[in-house]
Amino acid sequence: MNKFIILLSFLFVLLLHLFLFLYYKNHQIYKTQSTNTKNSIEINLSKITIEKNIEKTEEIVKKIEPIKEKKVEKKQENIPKTKNLKPKNNSKKQEKQEKQEKQEKSSKTEEQKQSSQNNQINLTENPKDDLEEQKFIDEYGRKLREEISKNKIYPNISKKLKEQGIVIINFKVAKSGLFFDIKLESSSNKNRLDEAAINTIIETKKYKPFDENIKKEFIEYNLPLEYKIN
């Protein structure tokens with residue numbers, strides 16, 4: 001008997017809980033529907049108000065535009081028409097300026113012609129002098145190379161080791177015949193041969209002065225010295 005009562009009470013409690021749960025759920029659904037309906041009503045109302053405002057602004061714009069057009073037309077009517085006035089006194093001044101400009105242009109063209117003629121004369125005269133001077137420079141360089149090749153130093157160690165190569169030395173010769181700015185232009189990849197080539201130029205030191213027909217203050221040379229075992 002006691003068990004039966006306990007079961008009944010348990011079932012009763014379960015039914016109560018289910019009833020309360022369902023009631024609570026339905027109540028919430030009703031609330032959400034009511035809020036949604038309210039929001040939709042508010043949105044529709046806002047749309048209506050916005051549309052009304054837009055219609056009002058369009059009407060105001062339509063009223064304003066014809067007023068502006070009328071004002072502009074009146075202003076244009078009041079503007080006085082300007083006549084094309086021809087300058088009378090300035091014509092003489094312009095004629096004088098044009099004459100002066102023509103005279104200046106003609107004088108400039110004459111000066112340019114004279115300068116071009118002078119330049120042509122100089123150009124025709126200079127090549128002959130340059131060619132004659134170049135002949136003396138070439139002759140001087142040939143004799144200079146012969147003199148330096150006589151003084152060429154070939155180290156004994158390099159000969160024993162059969163070291164060979166070509167060394168190019170860059171140096172300048174002053175009008176007095178003195179050598180200066182002696183540099184290694186191209187190496188033979190053998191340190192002993194490079195040093196020997198530089199020493200040959202340093203020990204030669206000097207050659208005879210330039211000929212009178214050579215007007216340059218100095219001559220620059222790139223002298224190749226070949227080291228070869230026969």
Side-chain angles (χ1 to χ4, degrees), residues 90-91 93-230:
N90 291 326
S91 61
K93 290 181 179 179
Q94 286 179 356
E95 287 177 358
K96 286 181 181 179
Q97 286 179 357
E98 286 177 357
K99 285 180 181 178
Q100 287 178 356
E101 286 177 356
K102 285 179 181 178
Q103 288 176 356
E104 287 176 356
K105 285 180 180 178
S106 61
S107 63
K108 284 180 180 179
T109 51
E110 286 176 358
E111 287 176 358
Q112 286 176 357
K113 284 179 182 178
Q114 288 178 356
S115 64
S116 64
Q117 287 175 359
N118 290 324
N119 287 325
Q120 285 175 359
I121 291 161
N122 291 325
L123 286 167
T124 53
E125 288 176 358
N126 283 328
K128 289 180 181 178
D129 296 334
D130 290 338
L131 286 169
E132 287 178 0
E133 187 181 7
Q134 191 62 43
K135 285 178 183 177
F136 285 102
I137 290 167
D138 291 339
E139 185 64 24
Y140 184 85
R142 186 178 63 77
K143 290 178 179 177
L144 178 70
R145 287 188 184 90
E146 287 176 359
E147 186 67 26
I148 290 168
S149 63
K150 289 177 186 177
N151 299 325
K152 186 172 73 173
I153 301 163
Y154 202 141
N156 291 321
I157 298 167
S158 296
K159 284 180 181 179
K160 287 177 182 178
L161 295 170
K162 293 182 180 180
E163 290 179 346
Q164 297 180 6
I166 297 168
V167 186
I168 297 171
I169 305 295
N170 178 273
F171 66 101
K172 294 173 185 175
V173 183
K175 207 165 192 176
S176 61
L178 188 68
F179 302 164
F180 65 100
D181 283 348
I182 300 163
K183 297 173 187 175
L184 180 69
E185 184 69 20
S186 179
S187 176
S188 64
N189 296 322
K190 301 287 188 294
N191 291 326
R192 275 186 286 270
L193 296 179
D194 293 343
E195 288 175 3
I198 291 165
N199 287 326
T200 53
I201 305 297
I202 291 166
E203 287 180 6
T204 307
K205 287 184 185 178
K206 189 177 179 181
Y207 189 57
K208 64 182 181 179
F210 291 173
D211 191 273
E212 291 178 356
N213 293 307
I214 298 170
K215 295 174 183 178
K216 291 185 177 181
E217 294 296 322
F218 67 89
I219 302 169
E220 188 173 358
Y221 289 103
N222 282 326
L223 182 67
L225 292 171
E226 188 177 3
Y227 291 90
K228 189 175 181 182
I229 297 166
N230 295 322

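None of the values given here were measured: they were computed from a predicted structure.
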>> Using every non-hydrogen atom in the two residues, find where Asn189 and Asp194 come nearest and quote the distance to one decimal.
In response: N-OD2, 4.4 Å
>> With heavy-atom distances below 4.5 Å as the criterion, would you say the side chains of Lys228 and Glu226 are in contact?
In response: yes
>> Under the rule for salt bridge (Lys or Arg N to Asp or Glu O under 4.0 Å), what residues qualify as partners of Lys172, not counting sequence neighbours?
In response: Asp181
> What's the spacing between Asn156 CG and Leu161 CG if we round to 0.5 Å?
Replying inline: 11.0 Å
>> Is the shortest side-chain heavy-atom distance between Phe136 and Glu212 below 4.5 Å?
In response: no
> With side chains defined as the heavy atoms from C-beta onward, is the minimum distance between Ile137 and Lys216 less than 4.5 Å?
Replying inline: yes
> Where do Glu146 and Lys143 land on the salt bridge (charged side-chain N to carboxylate O under 4.0 Å, His left out) test, with the steps shown first?
Replying inline: CA-CA 5 Å; Glu146 287 176 359; Lys143 290 178 179 177; over 6 Å; no
> For Glu203 and Asn151, what are the C-alpha separation, side-chain angles and deciding distance, and is it a side-chain hydrogen bond (donor to acceptor under 3.5 Å, both in side chains)?
Replying inline: CA-CA 8 Å; Glu203 287 180 6; Asn151 299 325; over 6 Å; no
> What distance separates Leu193 CG from Ile153 CD1, expressed to the nearest 0.5 Å?
Replying inline: 12.0 Å
> Got Ile166 and Tyr227 here, is their nearest side-chain heavy-atom distance under 4.5 Å?
Replying inline: no
> For Lys175, does the NZ atom sit with more than 12 other heavy atoms under 6.0 Å from it, leaving out its own atoms?
Replying inline: yes
> Looking at CG of Asp211 and NZ of Lys135, how far apart are the two atoms once the value is rounded to the nearest 0.5 Å?
Replying inline: 13.5 Å
>> A side-chain contact here means heavy atoms from C-beta on lying under 4.5 Å apart; do Leu178 and Tyr207 qualify?
In response: no
> Looking only at heavy atoms, which two atoms of Asn170 and Glu185 are closest? And how far apart?
Replying inline: CB-OE1, 3.6 Å
> So, for Pro155 and Arg192, which heavy atoms are closest and what is the spacing to 0.1 Å?
Replying inline: CG-O, 4.0 Å
>> Between Ile229 and Gln164, does the side-chain contact (heavy atoms from CB on, under 4.5 Å) criterion hold? Intermediate values first, please.
In response: CA-CA 7 Å; Ile229 297 166; Gln164 297 180 6; 3.5 Å; yes
>> Taking the side chain as everything from C-beta on, heavy atoms only, tell me whether Val173 gets closer than 4.5 Å to Tyr221.
In response: yes
>> If I take atom CG from residue Asn222 and atom CD1 from residue Ile169, how far apart are they, to the nearest 0.5 angstrom?
In response: 9.5 Å
>> Other residues, nucleotides and ligands only: do more than 12 of their heavy atoms fall within 6.0 Å of CD1 on Ile157?
In response: no
>> Could you measure the distance from the CD atom of Glu163 to the CG atom of Asn191? Nearest 0.5 Å is fine.
In response: 9.0 Å
> Among pairs that include at least one residue of residues 176-202, which meet ring pair (Phe, Tyr, Trp, His ring centres under 6.0 Å), considering only residues two or more places apart or in two chains?
Replying inline: Phe171-Phe179
> Given the rule in the side-chain hydrogen bond (donor to acceptor under 3.5 Å, both in side chains) test, do Asp138 and Gln134 qualify, once you have shown the distances and angles that lead to the verdict?
Replying inline: CA-CA 6 Å; Asp138 291 339; Gln134 191 62 43; 3.1 Å; yes
> Just how far is it from atom CD1 of Ile148 to atom OG1 of Thr200, taken to the nearest 0.5 Å?
Replying inline: 7.0 Å
> Taking it one step at a time, do Tyr140 and Lys208 satisfy side-chain contact (heavy atoms from CB on, under 4.5 Å)?
Replying inline: CA-CA 9 Å; Tyr140 184 85; Lys208 64 182 181 179; 4.1 Å; yes
